[in-house]
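By convention here, the first residue in the shown sequence is residue 1. When reading the values below, keep in mind they use all heavy atoms of this one structure, side chains included, and skip hydrogens, waters and symmetry mates.
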Amino acid sequence: MRNETQPFTRLFKAAAVLLFRRRVLLSGVCLFTVGTQTGHAQSLDYSAFETLFGEPVTSSVTGKPQRASDLPTDIQIITSDQIVSSGAQSVPDVLRMVAEVDVRSYSTLGANISIRGNDAAGGSHTLVLVDGRQVYLDGYNYTDWGLLPASLRDIRQIEVVRGPNSALYGFNASGGVINIVTRDALHENKSYIHLNGGSLGNFGGEFVASHKFSDQFAAKLSLNGLEADEYTDARSRGTLPRTHALNASLDLRGQITPKIDWQLSGTIGKETSPFWVDVGTYVDIAPLSKSLEGKINADTSWGLVEFKAYENGFDSSVSDVISTQNLNIPIAFGYKLNTTDAQLSDTITLNNRNDLRLSVEYRYMDLTAQQSGVKMSNEYDMLAAGSAVWDYRILPQLTLTNAVRVDALYVPRMRNSGVPDASLSDSHHYMEPSFNSRLRYDAKKVGVFGLNVARGIQLPALFDFAPTQNFGPAAVLNNPALVPSTTINVGLNYSRKINPINANFSLSLFAQRTSNMLGTPFASNFSYDPPFTVTVRPENYGRVDDAGGEARLEGITTFGLNWDLSYAMSAVRDPDKASTINFQRQTPVNSVIGGFSYKIGKFELSSHARWQSHYQDVVARLTDLSIENMKIPGFVTLNARVAWHFDKRFLLSLSGDQLADPELRETAGLRIQRRLLGGLTAQF
């Protein structure tokens, strides 16, 4: 909703005055952690709780340790064993085998991931976190998976949360959440080196050194890198023939007192890769990503208090030439996105039936763009939010969880710095509530039933608020009427254990409606004026409805064979058809996933397959500067892995990706090729 009140503006202006010292937030965390004393950590020991409960646990939802089966949302947790046994070479490869997760691989590193559809070509509505820190890029509303600051074998678990979860995880979680949890050096000392290589000139590896110096201090250094040839039709499309990526992170963990622990983390990453622009063509990018985060947990008489602050930096440049209308149009575009975020929360146990988590968050984000070395705009926004999560055990078998959050966003008036006499863009003031409510009933042998109701919020990308300006042949217009999109979701969940076959069955059904649908900045409706002028105007695209569900069966046999089988259906309806992109056809309606893993002596065998029905992707027609919806036929993805523990510290593996087809048309972009990789892992 719009709110143009003066008090609201004064609130944000006052916050802006304080923000010039925003870097002090992180410095203060560092100073506060000096002088550790004897004690034990207050952070979650995933391994201990997983052993205690007999299933994966998380504290990312309500702030307290909970089993996956007890969570107040529709969530699937992928464990470290499942990640390794999958033979996947990246997080998108792992997520491909999760029901209701739509993964599109546009290049070796580039992927677009959505949950339950309707956002694949219109900007990602899936929030991505690493250890609770956002790596999702608000400036453009996407995630750069090639710069993920987490080594695959160092991931403790991946939490896939389906449906709107803005009240639990923050704004921009209107489609779902992917939270990647890495190993905590205070609780798990796992050091290793992994090297792999194979077809398509692929060579990569991971190095993780984790050491617990004492009960009060631990450190972990993580490096991961990749170098590979792009798929063979990259040259015909004029993209980079070879891809590179290198990421590094350093985590320091310790204690101040037996009831206070701290964490300081820094990451940096660099890549060169073809990037699939949302209008349906490739450009070459070379982004640099970096972050710094500080965190303190304190077990106090007022509850478990957590303060964390982080700063993300993302610097990207695009240098390319687009040929159209017998013209070669040079593109030399670059932008810098900086995000500073501070969060404070308190998880309180009121009594044996009620838990309460209170949180506040403040965020400042600025973006600087330039074209051909000329600064075009410098824009920023500020957000303040407050939230509460109440977990109420009405009866031993009946639990009600309610989460409420209010986000207040302010975007000031801005002028195109490249055109000093240009008029100012309009300011934007938004105040949007979100909520998540779940009623959970454990009927013992009959199973567990759940009812979910949620309202999620998706903010426009910061690019969408830019003042009217020109980028080469394109003129981007400011839209003062742009508003956040909202998603209302209703879901039913059921799960039970099937003892005769030692299996677990789960079923989820949902229906949701998204109002004021948002796309990505450059996939907006545009007009073309010959010979080569393109006018782009960010817009809301009306209503999009989505309904469907997923059924999953997983188990283990008496001889140790782990297996799983799932089916997902998602039917999207776009009644307004206000966008050039056909949201109704952007998601495959049906998908089936199945697989197994088996350990026999020193050997491991595993394989997973996914079939999905047809869908539409978009591709740019440069001859007349238009977007075409392209049908992608249904296809099968098949992966397999065999591994040999020839020593308790050494493992040899052979993995095959996309074994069903030597070249697969998975998107409107590059054809995905079959890949064979050999690997050696050594633990120390």
Side-chain angles (χ1 to χ4, degrees), residues 106-107 109-110 123-124 135-149 238-240 242-247 267-291 311-324 328-340 364-381 411 414-420 422 425 460-478 520-524 526 532 534 536 538 620:
Y106 286 99
S107 62
L109 295 175
S124 177
V135 294
Y136 175 90
L137 298 166
D138 302 85
Y140 197 72
N141 279 5
Y142 85 107
T143 298
D144 191 324
W145 295 97
L147 292 177
L148 202 64
T239 67
L240 284 169
R242 196 156 176 82
T243 289
H244 308 264
L246 181 62
N247 296 283
T267 71
I268 188 168
K270 177 71 175 178
E271 73 170 319
T272 56
S273 174
F275 175 66
W276 181 256
V277 186
D278 39 11
V279 295
T281 189
Y282 284 101
V283 295
D284 297 334
I285 62 171
L288 172 68
S289 175
K290 54 187 177 181
S291 72
E311 186 165 59
N312 293 341
F314 187 82
D315 189 346
S316 184
S317 61
V318 176
S319 180
D320 214 329
V321 176
I322 294 179
S323 299
T324 179
N328 292 322
I329 304 172
I331 303 295
F333 175 67
Y335 72 94
K336 295 181 179 180
L337 176 68
N338 292 290
T339 303
T340 301
Y364 178 90
M365 183 167 57
D366 65 84
L367 184 150
T368 302
Q370 61 180 20
Q371 168 66 24
S372 300
V374 178
K375 183 178 177 181
M376 299 301 297
S377 66
N378 187 358
E379 54 202 271
Y380 69 92
D381 63 24
V411 184
M414 292 173 283
R415 176 180 279 113
N416 183 346
S417 57
V419 185
S425 63
L462 186 52
F463 264 118
D464 286 339
F465 294 119
T468 297
Q469 53 195 301
N470 295 317
F471 294 99
V476 182
L477 306 182
N478 179 262
T520 46
F522 301 124
S524 307
F526 61 83
F532 55 85
V534 177
V536 181

In the structure I gave you, are the side-chain heavy atoms of [X] and [Y] within less than 4.5 Å of one another anywhere?
| X | Y | result |
| --- | --- | --- |
| T368 | E379 | no |
| P149 | S291 | no |
| L148 | V135 | yes |
| S317 | I285 | no |
| L288 | I268 | yes |
| L462 | M365 | yes |
| Y106 | Y282 | yes |
| P274 | T243 | yes |

Find the distance between [atom1] ([X]) and [atom2] ([Y]) and round it off to the nearest 0.5 Å.
| X | Y | atom1 | atom2 | value |
| --- | --- | --- | --- | --- |
| L147 | K290 | CG | NZ | 13.0 Å |
| F275 | S316 | CZ | OG | 7.5 Å |
| R242 | T272 | CZ | OG1 | 10.0 Å |

Kindly say whether [Y] contributes a backbone atom to a donor-acceptor pair with the side chain of [X] at under 3.5 angstrom?
| X | Y | result |
| --- | --- | --- |
| N247 | G146 | yes |
| Y136 | S124 | yes |
| D284 | L240 | yes |

List the atom of G139, the atom of L337, and the distance in Å for their closest heavy-atom pair.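 Of all heavy-atom pairs spanning G139 and L337, the closest is N-CD2, 3.5 Å.
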Write down the atom of P287, the atom of D144, and the distance for their closest heavy-atom approach.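 Closest heavy-atom pair between P287 and D144: CG-OD2, 3.7 Å.
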In terms of the angle between their ring planes, are Y142 and F314 parallel, tilted or perpendicular, with boundaries placed at 30° and 60°?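 Rings of Y142 and F314: perpendicular, over 60°.
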From the options T339, T340, N338, select the one residue that forms a side chain to side chain donor-acceptor pair (under 3.5 Å) with E311.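 Exactly one option meets the side chain to side chain donor-acceptor pair (under 3.5 Å) with E311, and it is T340.
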A quick test of your reading: do over 12 heavy atoms of other residues, nucleotides or ligands sit less than 6.0 Å from NZ of K270?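 Counting other residues, nucleotides and ligands, NZ of K270 exceeds 12 neighbours.
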Just do the side chain to side chain contact (heavy atoms under 4.5 Å, CB included) check on D138 and L367 with the steps written out, would you? CA-CA 10 Å; D138 302 85; L367 184 150; over 6 Å; no
The test is ring-ring contact (aromatic ring centres under 6.0 Å, His included); show your working for Y335 and F463 and say whether it passes. CA-CA 10 Å; Y335 72 94; F463 264 118; 5.1 Å; yes
Would you check, one step at a time, whether the test ring-ring contact (aromatic ring centres under 6.0 Å, His included) holds for Y364 with Y380? CA-CA 7 Å; Y364 178 90; Y380 69 92; 5.5 Å; yes
